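To start, the structure itself, in structure tokens.
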Amino acid sequence: MSWINSLMARSFGRKPKAPSNPQSNLVFAAPPAVKRDAGKKAQSNLFPRFQSMAGDQPASRQNDASAAMRVKLRSAFTPSQPITDSRMFAGRIDVLTTLIRSIEDQRVHVIMYGERGIGKTSLVHVLTQAAQEARYIVVYCSCGAGSTFDEIFRAVAADIPLLFHKGFAPTDNEAERGGTLADLLPASPLTPRLVADLFAKLTGTRVLVVLDEFDVCESPDFRRNIAELIKNLSDRSIRTQLVIAGVAADLTELVEHIPSIRRNIFAMQVPKMTASEVNSLVENGEDVSGVTFDKAATDFIVFVANGSPYFASLLSHHAGLAAIDAGRSNVTVDDVSQAVDQALTEFRSRISKHSQLQIDQAAKSGVRHVLGVMAGAALFNNGRFDSRDVDALYPSIANAANLKATIEDFASKHVLLEILDDEYGRGYRFSEEAVLPYLWILAAQKRFLEARKPVASEPARVSEKVAEKPVEKSAPPAGGARAAGRS
Ligand SMILES: Nc1ncnc2c1ncn2[C@@H]1O[C@H](COP(=O)(O)OP(=O)(O)O)[C@@H](O)[C@H]1O
Ligand SMILES: [Mg+2]
């Protein structure tokens with residue numbers, strides 16, 4: 001019987017005839033039971049499974065040390081979630097102190113702005129805990145695209161017990177039954193004046209209303225109402241303050257609505273983390289997970305992260321898992337390199353095909369290094385950069401004039417960049433947000449690894465060679481005009 005016939009016989013459920021040649025008997029004979037079980041077992045071992053249970057214990061079949069370490073590592077580095085446990089919160093002592101002082105001493109409303117992943121939500125969580133320790137009522141709202149003033153402040157009111165309303169004694173029935181300010185709201189849409197009137201009745205406590213992801217809300221009405229509310233609350237010294245986290249554009253827009261509220265607002269750009277803060281982020285993760293990072297591996301993370309806690313957390317997470325997969329509890333430079341590759345794949349998938357093509361073409365035509373310079377310049381200047389920034393950041397770069405001409409050429413042909421003619425003159429910005437982190441990480445990985453290669457008989461001196469990276473610039477002053485206007 002030909003193999004086709006035998007196959008057909010099987011697929012129609014007929015038992016194939018025994019072959020005349022006894023040697024080929026094996027082809028049709030059912031494999032011995034034990035072997036089939038082993039095959040099934042092998043297959044089921046290959047089948048992807050979750051490695052830990054929903055309760056965070058390692059799955060029973062892999063109850064070993066590395067499985068436990070994997071579980072711990074996942075809670076040590078949480079790149080897709082903000083920090084909520086203050087023990088995992090690295091650095092930012094000055095930032096936090098400044099925020100607390102402005103809320104407590106100056107009684108102003110706070111706006112925190114900065115790029116995605118810089119740590120705004122994590123800061124808000126830690127600030128919330130500090131305020132709650134001081135018995136503030138803190139209501140956290142994450143704004144959505146369709147958030148409305150009415151919806152948000154009804155939710156806020158529902159979190160404030162009637163107990164703190166001047167008109168209710170703690171022994172009043174409503175207060176005792178756990179009533180909230182929301183019980184006092186009319187059915188008609190809420191206005192800033194109405195909300196301020198209600199908050200004016202608060203006594204014996206202070207309220208912080210945190211509006212996170214403020215940039216996500218698209219409604220201009222919402223922003224105007226928030227500006228009105230800030231004015232109302234400030235004019236009447238009401239015991240409620242707003243903490244708004246978002247991007248810089250929101251700050252200028254809010255103030256545009258009512259310029260007089262400028263003096264009631266403390267605006268702060270959340271700065272990049274310093275190298276030592278990123279170091280302590282990695283150290284915190286080491287303590288929690290039991291995974292250790294070789295010195296060079298941490299240096300690599302610090303270099304590529306370039307002050308972004310998101311990058312640092314993502315790379316530490318991937319690198320830690322790579323080490324555990326390799327049966328080690330220490331993370332090496334190679335693990336970090338693997339983590340960077342993984343991050344690059346993730347980031348690349350967030351870029352449009354059109355931009356991917358432009359990047360590949362630029363790399364092929366020998367100007368790959370220009371992409372890295374553009375990314376560095378943009379990253380160090382909140383997205384907007386010009387030829388002066390290139391000079392300032394790369395003072396010793398060869399062929400600077402050619403390089404700047406290439407950047408101008410890119411922008412004028414709308415390749416990856418767009419031209420900005422603003423108050424600072426002619427500048428550039430990446431047309432697509434996701435391109436910047438991708439190009440930066442690509443260039444940083446290359447630079448770090450090249451700097452590690454030993455040159456002739458000289459041992460690798462990474463710290464010196466890495467100095468080819470952009471000259472470190474200090475973070476712009478909080479609320480600095482240039483930064484505020486630019487992002
Ligand atoms: N101070 C910090 N210490 C440790 N990790 C941090 C810190 N700030 C942020 N992260 C990490 O960085 C990532 C981005 O933080 P997040 O607060 O969500 O940023 P943003 O709100 O600005 O987008 C998260 O993975 C978070 O765990
Ligand atoms: Mg956030």
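Order of appearance sets the numbers: ligands from 1, and atoms from 1 within every ligand. Quantities reported herein were computed from a predicted structural model and do not represent experimental measurements.
- Under the 4.0 Å criterion applied to side-chain N and carboxylate O atoms, Arg87 and Asp287 are not assigned as salt-bridge partners.
- Taking only nitrogen or oxygen atoms, main chain and side chain alike, Glu213 does not reach within less than 3.5 Å of ligand 1.
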Residue pair Gln81, Thr121: steps toward the side chain to side chain donor-acceptor pair (under 3.5 Å) verdict: CA-CA 9 Å; Gln81 281 151 17; Thr121 303; over 6 Å; no
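- Interface atoms of ligand 1 facing Met88, defined by a heavy-atom separation under 4.0 Å, are 3 (N), 4 (C).
- For ligand 1, the polar-atom distance check against Lys120 finds a nitrogen or oxygen pair separated by under 3.5 Å.
- Looking only at atom types and distance, the side chain of Arg348 has a donor-acceptor partner in the side chain of Tyr438 under 3.5 Å away.
- Taking the side chain as every heavy atom from C-beta outward, Leu417 and Phe430 approach each other to under 4.5 Å.
- Taking each heavy atom of Cys217 and Arg223 in turn, the nearest pair found is O-NH2, 2.8 Å.
- Within ligand 1, the atoms closer than 4.0 Å to a non-hydrogen atom of Thr78 are 24 (C), 25 (O), 27 (O), numbered from 1 in the order shown.
- Taking the charged nitrogens against the carboxylate oxygens, Asp391 and Arg388 have no contact shorter than 4.0 Å, which rules out a salt bridge.
- At a threshold of 4.0 Å, the pair Lys353-Asp360 does not count as salt-bridged, since none of the basic side-chain nitrogens sits closer than that to a carboxylate oxygen.
- When each atom of ligand 1 is checked for a heavy atom of Phe89 under 4.0 Å away, the hits are 1 (N), 2 (C), 3 (N).
- Atom OE2 is the N/O/S atom of Glu213 found closest to the Mg ion (ligand 2).
- Counting only heavy atoms from C-beta outward, the side chains of Phe385 and Leu379 never approach each other to under 4.5 Å.
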Test side chain to side chain donor-acceptor pair (under 3.5 Å) applied to His414 and Glu418, step by step: CA-CA 6 Å; His414 307 290; Glu418 58 190 47; over 6 Å; no
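- Nearest heavy atom pair, residue Ala362 against residue Phe410, reads CB-CZ, 3.9 Å.
- Ranking protein heavy atoms by distance to atom 19 (O) of ligand 1, first place goes to Gly119 N, 3.1 Å.
- Closest to atom 10 (N) of ligand 1 among all protein heavy atoms lies Pro309 CB, 3.4 Å.
- Considering only non-hydrogen protein atoms, atom 13 (C) of ligand 1 sits nearest to Tyr310 CA, 3.7 Å.
- Looking from atom 6 (C) of ligand 1 to the surrounding protein, the closest heavy atom is Ile83 CG1, 3.5 Å.
- Atoms of ligand 1 lying under 4.0 Å from any heavy atom of Ala90, numbered from 1 in the order shown and given with element: 1 (N), 2 (C), 3 (N), 4 (C).
- At least one N/O/S atom of Thr121, from backbone or side chain, sits under 2.8 Å from the Mg ion (ligand 2).
- Taking every heavy atom of Ser122 and a limit of under 4.0 angstrom, the matching atoms of ligand 1 come to 8 (N), 9 (C), 10 (N), 15 (O), 16 (P), 17 (O), 26 (C).
- Those atoms of ligand 1 with a heavy atom of Pro79 less than 4.0 angstrom away are 24 (C), 25 (O).
- Given atom 26 (C) of ligand 1, the protein heavy atom at minimum distance is Gln81 O, 3.4 Å.
- A heavy-atom separation below 4.0 Å is not found between Gly91 and ligand 1.
- Donor-acceptor pairing under 3.5 Å is lacking for the side chains of Asn279 and Ser276.
- There is a side-chain donor-acceptor pair under 3.5 Å between His109 and Ser234.
- When only interatomic distances are considered, the shortest N/O to N/O separation between Ser80 and ligand 1 does not fall below 3.5 Å.
- For Met273, the heavy-atom gap to ligand 1 drops under 4.0 angstrom.
- Scanning the protein for heavy atoms near atom 23 (O) of ligand 1, the closest one is Gly117 N, 2.8 Å.
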